[in-house]
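The block underneath contains the structure these notes are about, expressed in structure tokens.
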Amino acid sequence: MQKLAASSFREDVERLVQQIPEGLVSTYGDIAALAGHAGAARTVGGIAHFGDPTLPWQRVVNAKGGLASGYPGGREAHARDLIAEGVPCSEQRVEDFEERRWRP
DNA sequence: CGAGTGACCGCAA
DNA sequence: ATTGCGGCCACTC
């Protein structure tokens with residue numbers, strides 16, 4: 001296969017987030033690794049804040065399955081959105097998060 | 001090219 | 001359980 005795009009880290013991450021199926025969640029570290037740059041979880045967080053707001057960032061949680069701290073509205077809004085998406089979660093972390101971890 | 005930043009990650013006290 | 005510390009990496013100024 002060939003390079004169809006310049007695959008910027010940002011582009012890759014946004015694309016991955018966009019393809020996360022409903023009912024599943026992913027982690028910043030995993031997305032960074034899937035984007036080809038494991039360890040860049042922090043950078044993914046930066047993209048989440050400054051990237052495309054239309055993407056389902058609500059399906060993206062931290063390595064512990066916990067909700068993000070900088071989510072617009074706070075963990076409450078994040079938890080609410082996740083539940084609305086079909087992802088059962090407590091007010092602080094996702095239930096069965098490791099089983100709901102999206103895998104390409 | 002250098003320094004600062006962050007919706008993180010993991011560990012230790 | 002909570003708090004603190006360092007490390008890692010891409011992005012922005």
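The model shown is predicted, which means the values in this text are computed figures rather than measured ones. Numbered from 1 within each chain, the chains take letters A, B, ... in sequence-line order.
Across every non-hydrogen atom of A:Val13 and A:Trp57, the tightest pair is CG1-CH2, 4.1 Å.
A:Glu85 has a carboxylate O that lies under 4.0 Å from a charged side-chain N of A:Arg59, or vice versa, which qualifies the two as a salt bridge.
Listed by chain and number, the residues in a salt bridge (Lys or Arg N to Asp or Glu O under 4.0 Å) with A:Asp81 amount to none (sequence neighbours excluded).
Rounded to whole angstrom, the span from the CH2 atom of A:Trp57 across to the P atom of B:dG6 amounts to 17 Å. As rounded to whole Å, 15 Å separates atom P of B:dT5 from atom NE2 of A:His49. Computed from coordinates, the A:Lys64 NZ to C:dT2 P distance equals 12 Å when rounded to whole Å. When rounded to the nearest whole Å, the span between CD of A:Glu76 and C1' of B:dA7 equals 17 Å.
The base of B:dA7 does not come close enough to the side chain of A:Tyr71 for any donor and acceptor atom to sit less than 3.5 Å apart.
By the 30° and 60° cut-offs, the orientation of the rings of A:His37 relative to A:Phe9 is perpendicular.
Proximity of a side-chain donor or acceptor of A:Glu14 to a complementary backbone N or O of A:Asp52 within less than 3.5 Å is detected.
A heavy-atom distance below 4.0 Å to DNA chain B is reached by none of the residues of residues 85-104 of chain A.
At a threshold of 4.0 angstrom between heavy atoms, the contacts of A:Ala48 include nucleobase atoms, whether or not backbone atoms are also involved.
A continuous path of Ile, Leu, Val, Met, Phe, Trp and Tyr side chains, each step under 4.5 Å between heavy atoms, connects A:Leu34 with A:Leu24, placing both in one hydrophobic cluster. Hydrophobic clustering of Ile, Leu, Val, Met, Phe, Trp and Tyr side chains at less than 4.5 Å, counting indirect connections, unites A:Tyr28 with A:Ile20.
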Base contacts versus sugar-phosphate-only contacts with protein, heavy atoms under 4.0 Å: please encode nucleotides 3-13 of chain C as B, S and - from 5' to 3'. ----BBBBSS-
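Looking at heavy atoms from C-beta onward, A:Ile31 lies in side-chain contact with A:Val60 at the 4.5 angstrom threshold.
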